[in-house]
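Here is the structure we will look at.
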Number of protein chains: 2
Amino acid sequence: MTDHAGPGAGGESLLYLTDEQLRKGIEAMFFAYRGFTADPDRILAENGYGRAHHRALHFIRRCPGTTVNNLLDILGVTKQSLNRVLRTLIEDGLVESRVGNRDKRERHLYLTDKGAELETRLSEVQRERMRAAYRAAGPEAVAGFRKVLEAMMDPQLRAHFNRLKEGG
Amino acid sequence: MTDHAGPGAGGESLLYLTDEQLRKGIEAMFFAYRGFTADPDRILAENGYGRAHHRALHFIRRCPGTTVNNLLDILGVTKQSLNRVLRTLIEDGLVESRVGNRDKRERHLYLTDKGAELETRLSEVQRERMRAAYRAAGPEAVAGFRKVLEAMMDPQLRAHFNRLKEGG
DNA sequence: TTGGAATGTCAACAAGGCTGACATAAACTG
DNA sequence: CAGTTTATGTCAGCCTTGTTGACATTCCAA
């Protein structure tokens with residue numbers, strides 16, 4: 001893995017990165033993302049949902065009462081796409097949509113108990129995979145992992161990312 | 001970012017991982033993957049291709065002469081899906097399919113000059129994003145990043161991953 | 001020679017992106 | 001108050017990319 005840290009501890013010095021090393025990182029992202037989504041995908045398929053539903057459930061749990069517009073920003077899809085997903089989740093009683101108090105144009109989204117239950121099941125297997133990977137890789141690796149991922153995001157998404165409640 | 005590494009420096013000891021920390025890692029994967037694919041997606045859209053084409057081009061470049069079956073394993077899609085993509089790439093003169101010598105049922109896949117050119121353009125922007133993230137995060141972070149990603153893969157995919165030529 | 005493997009192809013279907021157009025209600029602005 | 005903007009929902013249609021099932025071809029190997 002040739003750390004090749006350059007001179008001092010602190011620094012951004014030059015970091016030699018061959019095309020091959022970078023390609024390997026690209027492939028690592030590709031294969032890891034497959035693993036990352038594999039477990040929840042199975043549960044979703046059993047219940048007749050897809051990844052789009054998972055994403056909505058995840059962020060509604062994380063930001064209870066979020067508006068549709070905020071969710072659109074986070075997910076980066078069109079309102080038509082999101083609406084299709086939300087409609088089924090609401091019809092199926094997993095998500096509740098409440099008209100806003102201050103601004104009655106806005107809809108605030110919440111998980112119902114049933115929605116929270118499915119979200120928990122999905123999240124559980126995914127967290128378990130993360131936990132196992134974190135443990136296998138060790139604490140320093142975890143810190144590095146998150147640094148690189150954060151640096152890889154588009155700035156606007158990084159802002160969203162950092163705005164989400166940090167639990168640790 | 002409160003790394004919270006647990007007691008001593010060295011160890012795998014117990015690594016306390018709250019659900020919130022794990023969720024944050026999940027979100028990091030989600031947002032980072034968006035960034036990861038954003039740049040090539042733009043180039044692909046200009047040329048009327050999609051991510052599936054990119055994946056095929058990437059692995060054909062990495063494994064020149066690979067068979068369709070091998071590619072199916074790596075990509076994890078059905079032969080019908082892959083075939084649709086390969087057909088357009090072959091029709092457009094980006095990929096060449098040569099009948100095998102030893103086993104004439106097999107098709108060996110190669111990029112044409114034109115295909116290599118597009119792959120290079122796609123790869124370039126993606127490598128540039130990786131390079132920037134790696135540099136921003138620092139060498140130790142890169143090592144950790146790859147450790148966690150590798151631990152996150154399904155074993156079978158990890159085997160594929162490790163079989164790919166390592167440039168560093 | 002026959003079975004099975006590797007490949008290709010056709011058809012149909014679904015999820016989940018997209019655009020464009022249009023509707024409604026509420027809020028804001030002058 | 002009139003007009004505009006904002007937030008949301010909805011309809012219709014299109015595309016990519018995944019799926020399954022069925023079937024043809026080719027050819028290695030027993």
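Order of the sequence lines fixes the chain letters, A, B, ..., with proteins taken first and strands second; residue numbering starts at 1 for each chain. Computed from a prediction, not measured in an experiment: that's the story for all the values here.
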Given DNA chain C, 5'-ward residue of the pair B:Val68 and A:Val77, judged by closest heavy atom: B:Val68
For the residue pair A:Arg61 and A:Ser123, confirm or rule out a side-chain donor-acceptor distance under 3.5 Å. no
Polar contact flag, side-chain donor to acceptor under 3.5 angstrom, A:His58-A:Gln126: no
Which residues share a side chain to side chain contact (heavy atoms under 4.5 Å, CB included) with A:Glu128, sequence neighbours left out: A:Arg131
Pairwise side-chain contact, A:Arg34 with B:Leu157, heavy-atom cut-off 4.5 Å (strictly under): yes
So if I take residues 36-49 of chain B and measure heavy-atom distances to DNA chain C, which residues fall below 4.0 Å? none
For the atom pair CZ (B:Phe59) and CZ (A:Phe30), what is the distance rounded to the nearest 0.5 Å? 5.0 Å
Is the shortest side-chain heavy-atom distance between A:Met29 and B:Tyr33 below 4.5 Å? yes
Output a table of donor-acceptor pairs, distance under 3.5 Å, between side-chain atoms of residues 101-111 of chain B and any protein atom two or more places apart or on a different chain; print 'none' if there are none.
{"residue": "B:Asp103", "atom": "OD1", "partner": "B:Arg105", "partner atom": "N", "Å": "2.9"}
{"residue": "B:Asp103", "atom": "OD1", "partner": "B:Arg105", "partner atom": "NE", "Å": "3.0"}
{"residue": "B:Asp103", "atom": "OD2", "partner": "B:Arg105", "partner atom": "NE", "Å": "3.4"}
{"residue": "B:Asp103", "atom": "OD2", "partner": "B:Arg105", "partner atom": "NH2", "Å": "2.6"}
{"residue": "B:His108", "atom": "ND1", "partner": "B:Gly65", "partner atom": "O", "Å": "2.7"}

Tell me which residues in residues 80-111 of chain A lie within less than 4.0 Å of DNA chain C, going by non-hydrogen atoms. A:Gln80, A:Ser81, A:Arg84, A:Arg102, A:Asp103, A:Lys104, A:Arg105
Note: for A:Arg51 and A:Lys79 on DNA chain C, the residue whose nearest nucleotide lies more 5' is A:Arg51
Going 5' to 3' along DNA chain C, which nucleotides are the first and last within contact of chain B (any atom under 4.0 Å from a heavy atom)? C:dG4 to C:dC10
Rounding to a whole Å, what distance do you find between A:Asp73:CG and D:dT8:C1'? 14 Å
Should the ring pair A:Tyr134 and A:Phe145 be called parallel, tilted or perpendicular, given that the plane angle runs from 0 to 90° and is split at 30 and 60? perpendicular
Would you give me the side-chain donor-acceptor pairs under 3.5 Å for residues 70-85 of chain B, sequence neighbours excluded?
{"residue": "B:Asn70", "atom": "ND2", "partner": "B:Thr66", "partner atom": "OG1", "Å": "2.7"}
{"residue": "B:Thr78", "atom": "OG1", "partner": "B:Ser81", "partner atom": "N", "Å": "3.3"}

